[in-house]
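One structure below.
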Amino acid sequence: MGFVDYEEDGYVGIMTINRPQALNALNKDVLKDIEAAFDAVDLSRIRTIILTGAGEKSFVAGADIAAMSTMTKAEGEAFGKFGNDIFRKIETFPIPVIAAVNGFALGGGNELAMSCDIRICSDNAMFGQPEVGLGITPGFGGTQRLARLIGVGKAKEMVYGARNIKADEAYRLGLVNAVYTQEELMPAAKKLAAGIAKNAPIAVRNSKKAMNEGLQVDMDQAIVIEEKVFGDCFETEDQKEGMTAFLEKRKVDNFKNK
């Protein structure tokens with residue numbers, strides 16, 4: 001995968017979008033490599049993913065404007081679907097995905113970060129949807145996820161005005177969970193990922209499924225989804241070990257993902 005580096009740290013997979021000469025901008029090749037990286041994750045072993053960008057300037061500066069500049073209407077719509085399908089795959093990926101946003105997260109970069117479960121960022125991070133200044137709309141979920149995350153009014157202000165926000169405002173609005181120095185960002189992401197990975201993997205995956213699916217339906221339907229995944233946990237060895245350990249006043253050494 002030429003534009004995505006992948007390494008593992010215990011139960012944590014770390015993906016780094018590696019096109020720093022273009023500030024990690026997204027074109028079809030980069031998007032294909034992101035999809036391939038997620039497809040290659042060994043879900044029997046890896047329990048959390050960290051997604052970040054190479055270099056200190058940019059997570060992902062956006063979609064590749066040069067590549068988009070000559071697109072026809074049909075090609076533009078197809079490109080939007082191509083990116084949306086991959087970002088939706090990340091959003092619904094069975095295990096949690098943490099975006100460690102190190103610098104610019106503009107346009108497609110902000111949309112990529114928003115498709116992750118949790119976002120943390122460096123203090124030099126910048127978020128925005130600048131597309132209307134280029135004569136287009138956000139095309140990889142920006143008109144939908146941003147409003148769901150920070151509220152309709154602020155999202156419309158950012159999208160209509162092509163207004164970027166800095167890390168402190170992103171934190172205040174709830175777009176990111178925490179802000180760190182550049183040096184602290186990856187250690188903090190790894191600590192967060194490890195904290196998730198030490199818990200019962202099936203229970204974590206079921207919690208993600210319940211939250212993602214439940215937020216798309218009304219409360220009566222949502223609690224049915226919760227009841228189902230709650231019940232499913234009682235068929236697992238991890239549930240039996242977790243509760244036995246609690247009753248015996250000891251910690252679980254290592255959940256088996258079974």
Side-chain angles (χ1 to χ4, degrees), residues 1-9 12-41 49-71 75-76 78-87 89-90 97-116 119-136 138-142 162-167 170 175-176 179-190:
M1 293 168 287
F3 291 113
V4 178
D5 297 334
Y6 180 73
E7 61 181 305
E8 295 179 357
D9 182 2
V12 178
I14 303 169
M15 294 183 191
T16 304
I17 300 169
N18 192 358
R19 196 189 176 206
Q21 71 279 8
L23 297 178
N24 304 320
L26 303 173
N27 58 21
K28 277 198 171 183
D29 290 333
V30 178
L31 288 166
K32 285 178 182 177
D33 284 354
I34 293 171
E35 182 176 35
F38 276 93
D39 286 343
V41 173
I49 296 290
I50 297 171
L51 181 63
T52 193
E56 297 181 350
K57 293 182 179 179
S58 182
F59 172 69
V60 169
D64 192 317
I65 305 302
M68 290 193 295
S69 64
T70 59
M71 287 182 181
E75 288 169 339
F79 186 54
K81 176 172 172 48
F82 185 68
N84 267 321
D85 287 349
I86 294 169
F87 289 9
K89 175 180 285 191
I90 296 169
V97 182
I98 299 165
V101 179
N102 52 314
F104 294 118
L106 303 175
N110 190 42
E111 290 166 319
L112 176 59
M114 290 191 295
S115 72
C116 299
R119 287 153 297 284
I120 62 175
C121 74
S122 56
D123 51 14
N124 70 323
M126 183 81 71
F127 300 84
Q129 300 292 156
E131 288 88 349
V132 296
L134 300 170
I136 59 174
F140 293 167
R163 190 173 78 83
N164 297 337
I165 59 173
K166 295 181 180 179
L175 186 57
V176 299
V179 180
Y180 300 93
T181 65
Q182 289 177 282
E183 294 75 20
E184 293 171 333
L185 179 62
M186 283 307 294
K190 290 178 180 179

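Numbers for residues simply follow the sequence, beginning at 1. Quantities reported herein were computed from a predicted structural model and do not represent experimental measurements. Values below: all heavy atoms of this structure, side chains included; hydrogens, waters and symmetry mates excluded.
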Self-check item: Residues forming a ring-ring contact (aromatic ring centres under 6.0 Å, His included) with Phe79, sequence neighbours excluded
Solution: Phe140
Quiz item: Are any of the side-chain heavy atoms of Leu51 and Ile14 separated by less than 4.5 Å?
Solution: no
Practice problem: Write out all pairs satisfying side-chain hydrogen bond (donor to acceptor under 3.5 Å, both in side chains) with one or both partners inside residues 51-60, taking only residues at least two apart or from two chains. | Solution: Thr52-Asn102
Practice problem: Kindly give the heavy-atom pair with the smallest separation between Phe59 and Ala100, and that separation in Å. | Solution: CD1-O, 3.7 Å
Exercise. For atom CZ of Phe87, decide whether the heavy atoms of other residues, nucleotides or ligands shown that lie under 6.0 angstrom number more than 12.
Key: yes
Exercise. List for me each residue that meets side-chain contact (heavy atoms from CB on, under 4.5 Å) alongside Lys81, sequence neighbours excluded, and say none if there are none.
Key: Asp85
Practice problem: Identify the two heavy atoms, one from Asp33 and one from Gly2, that lie closest to each other, and give their separation to 0.1 Å. | Solution: OD2-N, 3.2 Å
Quiz prompt | Results of side chain to side chain donor-acceptor pair (under 3.5 Å) for Asn84 - residues two or more places apart only | solution = none
Quiz prompt | Derivation of the side-chain contact (heavy atoms from CB on, under 4.5 Å) call for Leu31 and Phe3 | solution = CA-CA 9 Å; Leu31 288 166; Phe3 291 113; over 6 Å; no
Quiz item: What residues, two or more places apart in sequence or in another chain, satisfy side chain to side chain donor-acceptor pair (under 3.5 Å) together with Glu111?
Solution: none
Quiz prompt | Those residues that, when tested against Gln182, pass side chain to side chain donor-acceptor pair (under 3.5 Å) (two or more places apart) | solution = none
Quiz prompt | Ile98 side chain reached by Ile49 side chain, heavy atoms, under 4.5 Å | solution = no
Self-check item: Residues that Pro20 engages under side-chain contact (heavy atoms from CB on, under 4.5 Å), provided they are two or more places apart
Solution: Asn18, Asn24, Ala54
Quiz item: So which heavy atom on Pro138 is nearest to which on Gln129, and how close?
Solution: CB-NE2, 3.8 Å
Practice problem: Would you name the heavy atoms of Leu175 and Arg119 that are closest together and state the gap between them? | Solution: O-NE, 2.7 Å
Exercise. Can you see which heavy atom on Met126 is nearest to which on Leu106, and at what distance?
Key: O-CD2, 3.8 Å
Self-check item: Any residue meeting side-chain contact (heavy atoms from CB on, under 4.5 Å) with Ala125, in chain and number order, not counting sequence neighbours
Solution: Val101, Cys121, Ser122, Phe127, Ala167
Quiz prompt | Sequence-distant partners of Asn27, side-chain contact (heavy atoms from CB on, under 4.5 Å), two or more places apart | solution = Arg19, Asp29, Val30, Asp64
